[in-house]
Amino acid sequence: MKYLLQRLAFYAVTAWAAITINFLIPRLMPGDPIQALLSRYQGQLDTKAIDSLKALFGLDEQQSMWQQYTDYWAHLLDGDLGLSFTFFPTPVSEVIGQSLPWTLALVGTTTLISFVLGTGIGVYSGWKRGSWLDGLLPVTTFISSIPYFWLGLVAIAVFAEKWTLFPNSGGYDNALVPAFDWPFISSALYHAVLPGVTIVLSAVAGWILGMRNMMVTVSSEDYVMVAQAKGLSERRVMFGYAARNAVLPNISGFALSLGFIVGGTLLVEMVFTYPGIGFQLLQAVGAKDYPLMQGVFLIITLSVLAANLLADLVYAALDPRTRKEA
């Protein structure tokens with residue numbers, strides 16, 4: 001319990017610092033961040049909208065910085081992240097809410113698949129050294145060195161342009177209306193094949209290499225040899241003694257991967273014009289959409305913290321020494 005309270009306190013302070021920095025960034029930037037929007041929508045914004053934007057960016061001279069900070073927290077707790085410049089007057093929370101499911105479905109699923117697949121292959125590869133599985137090492141090393149976007153470009157050139165087996169962009173057929181019916185779901189799955197396979201291929205190699213190296217190291221530990229000497233089954237020694245301890249670094253890496261799921265694999269979403277949150281971030285940067293950038297950064301930061309907290313809990317469950325040291 002002490003360990004859990006310590007970690008909760010740490011992440012609560014870190015989340016407060018991240019949110020505060022997110023509040024300060026647009027107010028410390030030089031110039032007026034909303035002048036471009038006011039010029040763009042000259043005559044189309046009513047006084048209430050302009051006052052709202054000024055208050056959001058600290059341009060309301062009638063309010064102190066502390067009052068703006070407390071208002072920011074009040075809006076944040078209400079789920080109000082401001083209005084998007086790019087999709088004005090759509091709220092940022094609505095833009096993120098439309099993009100987030102695409103990224104979670106694509107990057108979340110592929111990250112989980114690559115972790116489970118890579119860790120499983122790494123366990124067997126490290127435990128059965130000298131087998132045919134060692135032949136995978138040069139291949140995985142080569143693939144792990146290839147960036148996501150490069151694999152994506154190759155996949156488009158081969159499977160979308162030369163053989164036209166899959167679409168080269170988008171999240172679904174533009175002739176369809178998003179809905180929970182089979183035509184739309186099948187279209188979304190069809191469009192997710194190329195970016196999904198690209199992410200899995202690029203990520204699985206790293207999990208295999210990391211897990212195999214840890215299994216090789218752990219296999220020579222005394223407690224593994226003692227377990228083997230006691231006559232325990234090979235499967236129990238491999239998973240219950242060796243893999244259980246070897247997987248700890250992978251758990252930490254997986255937690256970080258979970259956090260960056262929300263950020264999406266930005267370059268993959270750019271290459272495939274996939275409607276995820278990473279693609280929205282790209283549009284926000286291009287249009288200087290500060291509210292949307294703030295919202296995306298905030299969601300990414302909080303996701304990373306939540307994923308790290310989850311990893312700490314899993315780590316403590318797998319390794320009793322962590323709880324004892326706390």
Side-chain angles (χ1 to χ4, degrees), residues 11 15 18 79 81 92-122 143-144 147-149 151-152 155 166-167 169-172 178-180 182 184-208 210-211 247 249-284 292 295-315:
Y11 285 113
L81 298 175
V92 169
S93 56
E94 186 175 329
V95 175
I96 293 177
Q98 293 172 351
S99 304
L100 196 57
W102 290 97
T103 296
L104 289 176
L106 175 67
V107 188
T109 303
T110 53
T111 299
L112 183 62
I113 291 175
S114 60
F115 171 74
V116 173
L117 190 62
T119 302
I121 295 175
I143 293 178
S144 66
Y148 288 111
F149 71 94
L151 275 180
F166 299 99
S169 64
Y172 57 93
F180 284 102
W182 177 243
F184 177 75
I185 293 175
S186 61
S187 176
L189 292 174
Y190 181 52
H191 281 72
V193 170
L194 275 190
V197 170
T198 299
I199 296 173
V200 170
L201 276 180
S202 186
V204 73
W207 297 121
I208 293 175
M211 192 64 197
V247 79
N250 265 24
I251 293 292
S252 298
F254 182 61
L256 292 177
S257 300
L258 286 179
F260 287 107
I261 282 175
V262 178
T265 311
L266 177 61
L267 293 177
V268 170
E269 293 186 355
M270 289 171 56
V271 169
F272 289 96
T273 321
Y274 199 77
I277 201 168
F279 187 68
Q280 291 295 357
L281 178 60
L282 173 67
Q283 290 185 302
L292 184 54
V296 172
F297 287 143
L298 184 62
I299 295 297
I300 292 174
T301 302
L302 295 181
S303 300
V304 171
L305 293 177
N308 277 274
L309 174 61
L310 179 63
D312 283 343
L313 298 178
V314 174
Y315 213 99

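The first residue in the sequence is number 1, and the count goes up from there.
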Of all the heavy-atom pairs spanning [X] and [Y], show the shortest one and how long it is.
X	Y	result
T198	G152	CG2-N, 3.5 Å
W207	T119	CB-N, 4.1 Å
P167	L194	O-CD1, 3.8 Å
S114	A203	OG-CB, 3.7 Å
P195	H191	CD-O, 3.4 Å
L292	Q280	CD2-O, 4.0 Å

With rounding to the nearest 0.5 Å, note down the distance linking [atom1] in [X] to [atom2] in [Y].
X	Y	atom1	atom2	result
L201	T110	CG	OG1	11.0 Å
T103	Y274	OG1	OH	8.0 Å
L100	I277	CG	CD1	5.0 Å

Could you go through L112 and V116, starting from their C-alpha distance and side-chain angles, then the distance that decides it, and tell me whether this counts as side-chain contact (heavy atoms from CB on, under 4.5 Å)?
CA-CA 6 Å; L112 183 62; V116 173; 4.2 Å; yes
Ring-plane angle category for W102 and F184, please: parallel below 30°, perpendicular beyond 60°, tilted otherwise.
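Judged by the thresholds at 30° and 60°, the geometry between W102 and F184 is perpendicular.
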A side-chain contact here means heavy atoms from C-beta on lying under 4.5 Å apart; do F279 and S99 qualify?
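The answer is no, as the side chains (C-beta and beyond) never meet within the 4.5 Å cut-off.
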Side-chain heavy atoms of V193 within contact of L189, under 4.5 Å
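The answer is no, as the side chains (C-beta and beyond) never meet within the 4.5 Å cut-off.
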Using only atom types and a distance under 3.5 Å, with no angle test, would you say the side chain of T109 pairs donor to acceptor with the backbone of L106?
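No.
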